[in-house]
Structures are given as structure tokens and as C-alpha cells.
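Lettering of chains follows the sequences in order, A, B, ..., and the numbering in each one begins at 1.
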There are 2 protein chains.
Amino acid sequence: MEKNTTDKRIHILDAAEQLFAEKGFDGTSVRDIAGQANVNLAMISYYFGSKEKLLVSLIEHRSGYTRGILEELSKDESLSPFDKIDRLVDLYVDKILNNSRFHCIVTTHLPTMQSEEIKDMMTSIKIGNLEQIKKIILDGQKKKVFRKVDIELTVASVMGTITQVTSSKALYHKIFNIEKNIDELYNKKMIPKLKSHLKQMLKAHLDIKNQE
Amino acid sequence: MEKNTTDKRIHILDAAEQLFAEKGFDGTSVRDIAGQANVNLAMISYYFGSKEKLLVSLIEHRSGYTRGILEELSKDESLSPFDKIDRLVDLYVDKILNNSRFHCIVTTHLPTMQSEEIKDMMTSIKIGNLEQIKKIILDGQKKKVFRKVDIELTVASVMGTITQVTSSKALYHKIFNIEKNIDELYNKKMIPKLKSHLKQMLKAHLDIKNQE
DNA sequence: AATAATAAATTAAACGTTTGTTTAAAACAA
DNA sequence: TTGTTTTAAACAAACGTTTAATTTATTATT
């Protein structure tokens, strides 16, 4: 049985993540969270201070490790530019689809939040990651492997595609005839589809042989 | 001076649209809306019945006309498959960026809503539109102009890219050095960029000459 | 055209809930 | 005994909605 402080904190964070993703930050009451986590209402203020600070804690709890992986990838000289793109696709598809609830909160509910602090935090993380990806594409162009493209919008297409598939699950459940409400099954079917689509599209889009 | 019933209804709808997009459905109170629209609080219940029915009215107010245009486009025999794709890109980029507030509500706040009725309504609209686009791509494939691609995910990439650019305005303001908070300027700069990026990418992605 | 009768629009105030947060006492651990 | 964790109860504020009274607009009658 989990009885120590850390476990209870994580219990609350998990409950909050699920409910924020399903019903939004404003659509979720602290009583909902307490009920879902099976803790007393007052424990949330006790541990996190407030509902908003709980969200900040959740972001800190889930964020962070992507940056390091990206830097490593962009520096790696043993990989060809196209290999790097493939790795990039694998990385983001896996990361986002396996953390779809958190990603849903970040993409759909954070922009609406009042707190400028939280929004600025996320913006700078995104810009940092974009810079790393930019390096990869610029390197491919310098090596005459990639053609001239709008780098920022190319990255927007990758992120946008994944986000689209993640945040419109109900739609793609119907389209691809996947049994409803089984996340694991959805991921098992969609992750390979999504990876191969993005790789195929980026291959054609970036290949210097397709220069107009 | 506008004094009749219809104008006041539209006033309220506009105010609601703005606030729902900025702060979300649950983050917006009917008092906020009344204040923004400069009407008495009770007028919202009087005209629309409830806050949720106000949202339904907003959706009905803004939805609809896309379907017809898409059907026409897919039937048009005077256009080549690639011309149709270009028209499609123009249509969606213009439509979404010029109605970004409403689009923001649809993509980020509707999926969170409790009301299954509203969600089903939007899902069936999306599936209907997807079917029309599917026809266009299938036709291009039959004519040996397009190669084999995942059609659903290709459409997801188009929608996802546009949504990404629309719903992360703050980010792209910084990235492209656009003066803050001027929607008109943002659209003027982004619409052509977005259109040419999508056309270029889809050209490479769909072209049968790029078959692996 | 003026008046009376009816309907529609608008208002301020109040309704009962639910909200996030705090309190002060109790239970538990060190 | 000390300090930490947990609890039920209470708090004021904000929420969506309704009420009942009043003003404005429309229609019918003289």
C-alpha cells in the first residue's frame, strides 16, 4: 500500500492530469480531483497551495527531458539528415501519443489560462526545441540533401499532425474503426501509421531531388 | 443605431465567441459575456435559454457553408487534381485564419464539453468534409497523378498545420517577429506563407513522380 | 389619429448551488 | 512531547438561472 507523502502527491497529480485533459482546468473542481484521487479535499491546498499551483506542479512533473534528447540528436554526426528526421518523428510521435493527456492539457488548455507565467514558460520551451530541430534541417540543407523549405512551418506540420491525431481521438476512432475508449489499442494502431505517414511526407517534402 | 432583436442577439454571440476563444467555455461567465456585449445579464437566458444553448447557437451561427463549397470543388471537372488541392488549401487557410476565434473554440474547447450532442454534431460535420476531400485525392490517384498515401493522415496534416498556426499565435508572433496582438497583420503575413508551404509540401507528398 | 389593450424587451434583485480556500480539531508519527 | 498529516465543517465569492416589476413596442379599437 502506498502511504508516504510522495505517493499521495503523485496520486493527486495523476487524478488532476486525467480530469484536466477530459474536462479542462476550469471544468474541473478541486472536489472532482480529490474524489478521483481518493483524498480529502483539503489535502490539495495542503500539498500544492492552490489549484493553479497544482497545475504548475503537474507541468514541472511531466516536462523537461525532451530538450536533452533533441540536443544529442542534432549533434550526432553518425546519422544522415534523413535518419535524424526519422528519429525526430519517432521521438515526437512516441512522446506525444504516450503522454496524450498531458499533451492535451498543454495544447488546448494552457493557451486559455490566465497565468502569463505558465504561458511564457511553455513558449520558451517550445522555442528552444524548435531551435534544435532547425539545426537539423539547416544541416541537411548545407549538405545538399534537403531542399529549401519553410522550416518553421515544416515543424508546425509535424507537430500539428500529431496534435490533430491526439486531440481528435473520437474522430479517428470512427474513421479508422477502432473500438472506442481503449487508449492502448488506439496507440498500437496509430503510432506506426502516424510515423510512416510523417516519414513518407517529410521524405518527399525535404528531398532536394524534388526541387521545383 | 442597432436596436432590433437580431442585432442584439448577434452582439451577444460575438461577445461570447471572443470570450470563449480567449478564456474557454467554463472560464467565461455569463456575466462576462453580458458585460462585453453591454446587455443585461438576464438577456442571455431570455434570448438563448442557457449558457450551453448560447454555445449551440454560436455553432449554428458560424457553421454550415463549407460543405457546399467542398462538394462543388470535388465535382468540378475543369480542374486538375493538383489545382483542386491548391483550391482546397486556399479555402481552408482563408476560412480558418479569418475565423480563428471560432475555430479555436471548435478545436480546443468543444472536445472538452460535456454535451455529447454538440460533440456528435461536430464529428459528423468533420467526417462529411473529410469524405469530400477523400474523393479529390482518390480521383487524383485514379488519374495516375497522385501516388499512394494515407489519405486520412494527409488531411490531418493539412488541418493540423493550420490549427497549429492558428492556436499558437503567441508562439509564431515571437518566431516570425510580428508585432504583438494585431490580428490583421498576423493574417496578412501568415496566410500567404501558410498557403505556399502547404501547397509545396502537398505537391511533393502527392506527386506520383516522387513514388519510392 | 388618439387611445386602450396586448405583447415583447429590459431591468435590478434574488435564488439556490457550486466554487476555491481556510479553519480548528483530531489522528498519527517521530 | 513534538511535529506532521488528515479530517469535517465552514467561509465568502462567484456561478447559472429565475423572478417579478417596469419600460418599450406593437396591435386593435374607437
Side-chain angles (χ1 to χ4, degrees), chain A residues 1-59 61 105 109-110 112-118, chain B residues 1-59 61 105 109-110 112-118:
Chain A
M1 277 288 130
E2 65 275 304
K3 278 283 169 185
N4 71 71
T5 297
T6 318
D7 281 342
K8 194 162 257 180
R9 271 182 62 99
I10 291 176
H11 232 132
I12 295 171
L13 286 171
D14 284 342
E17 181 179 56
Q18 182 184 330
L19 293 171
F20 287 164
E22 278 173 19
K23 317 201 292 171
F25 181 79
D26 290 311
T28 303
S29 70
V30 294
R31 284 170 181 79
D32 288 337
I33 300 169
Q36 177 82 17
N38 265 311
V39 299
N40 187 279
L41 170 64
M43 296 310 292
I44 288 164
S45 291
Y46 179 75
Y47 277 123
F48 300 96
S50 70
K51 188 185 170 188
E52 182 152 322
K53 285 179 188 165
L54 167 61
L55 176 61
V56 175
S57 295
L58 176 61
I59 295 170
H61 177 60
I105 297 170
H109 300 297
L110 283 195
T112 317
M113 291 271 322
Q114 311 288 23
S115 161
E116 293 294 328
E117 181 210 347
I118 297 179
Chain B
M1 275 293 126
E2 66 276 305
K3 278 282 169 187
N4 71 71
T5 299
T6 318
D7 281 342
K8 194 160 256 182
R9 270 182 62 98
I10 291 175
H11 231 128
I12 294 171
L13 286 171
D14 285 341
E17 181 179 57
Q18 183 185 329
L19 293 172
F20 288 164
E22 278 173 18
K23 317 200 292 171
F25 181 80
D26 290 310
T28 304
S29 70
V30 294
R31 283 168 182 82
D32 287 338
I33 300 168
Q36 177 81 17
N38 264 311
V39 300
N40 186 280
L41 170 65
M43 296 309 292
I44 288 164
S45 291
Y46 179 74
Y47 278 124
F48 300 96
S50 70
K51 188 186 172 190
E52 180 151 323
K53 284 179 189 166
L54 167 60
L55 176 61
V56 174
S57 295
L58 176 61
I59 295 171
H61 177 60
I105 296 171
H109 299 297
L110 284 195
T112 319
M113 291 269 321
Q114 312 288 22
S115 161
E116 294 295 328
E117 181 210 348
I118 297 179

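A distance of 14.0 Å separates CD1 of B:Ile33 from CE of B:Met43, quoted to the nearest 0.5 Å. Expressed to the nearest 0.5 Å, how far CD1 of B:Ile12 lies from CG of B:Asn38 amounts to 11.0 Å.
Checking D:dT5, C:dA14, D:dT7 against every side-chain atom of A:Asn40, the shortest atom distance belongs to D:dT7. Picking from D:dT5, C:dT21, C:dA13 the nucleotide with the shortest atom distance to the side chain of B:Leu41 gives C:dA13. When distances run from any side-chain atom of B:Met43 to the nucleotides D:dG16, D:dT5, C:dT11, the shortest one goes to C:dT11. Which of C:dG20, D:dT6, C:dT10 sits closest to the side chain of B:Lys8 comes down to C:dT10.
Mapping A:Gly27 and A:Ala42 onto DNA chain C by nearest heavy atom places A:Gly27 at the nucleotide closer to the 5' end.
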- request: Please report the C-alpha distance between A:Leu55 and A:Leu110 in whole Å, then the side-chain angles of each, then the deciding distance to 0.1 Å, and finally whether the side chain to side chain contact (heavy atoms under 4.5 Å, CB included) criterion is met.
  value: CA-CA 10 Å; A:Leu55 176 61; A:Leu110 283 195; 4.0 Å; yes
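For the OP1/OP2 pair of D:dC15 and a distance below 4.0 Å, the side-chain nitrogens and oxygens of B:Lys51 include no atom meeting the criterion. Under 4.0 angstrom from either OP1 or OP2 of C:dT21 there lies no side-chain N or O belonging to A:Tyr46. Note on B:Ser29: a side-chain N or O is less than 4.0 Å away from OP1 or OP2 of D:dC15.
Spacing between atom CD1 of B:Ile33 and atom P of D:dC15 amounts to 11 Å, rounded to whole angstrom units. Summarising the geometry, the separation between CD1 on B:Ile12 and P on D:dG16 is reported as 14 Å, rounded to the nearest angstrom. Counting to the nearest Å, the P atom of C:dT18 and the CG atom of A:Asp26 are 18 Å from each other. The separation between A:Leu55 atom CG and C:dG20 atom P is 13 Å, rounded to whole Å.
You'll find the side chain of A:Lys8 reaches within 4.5 Å of the side chain of A:Val39, heavy atoms only.
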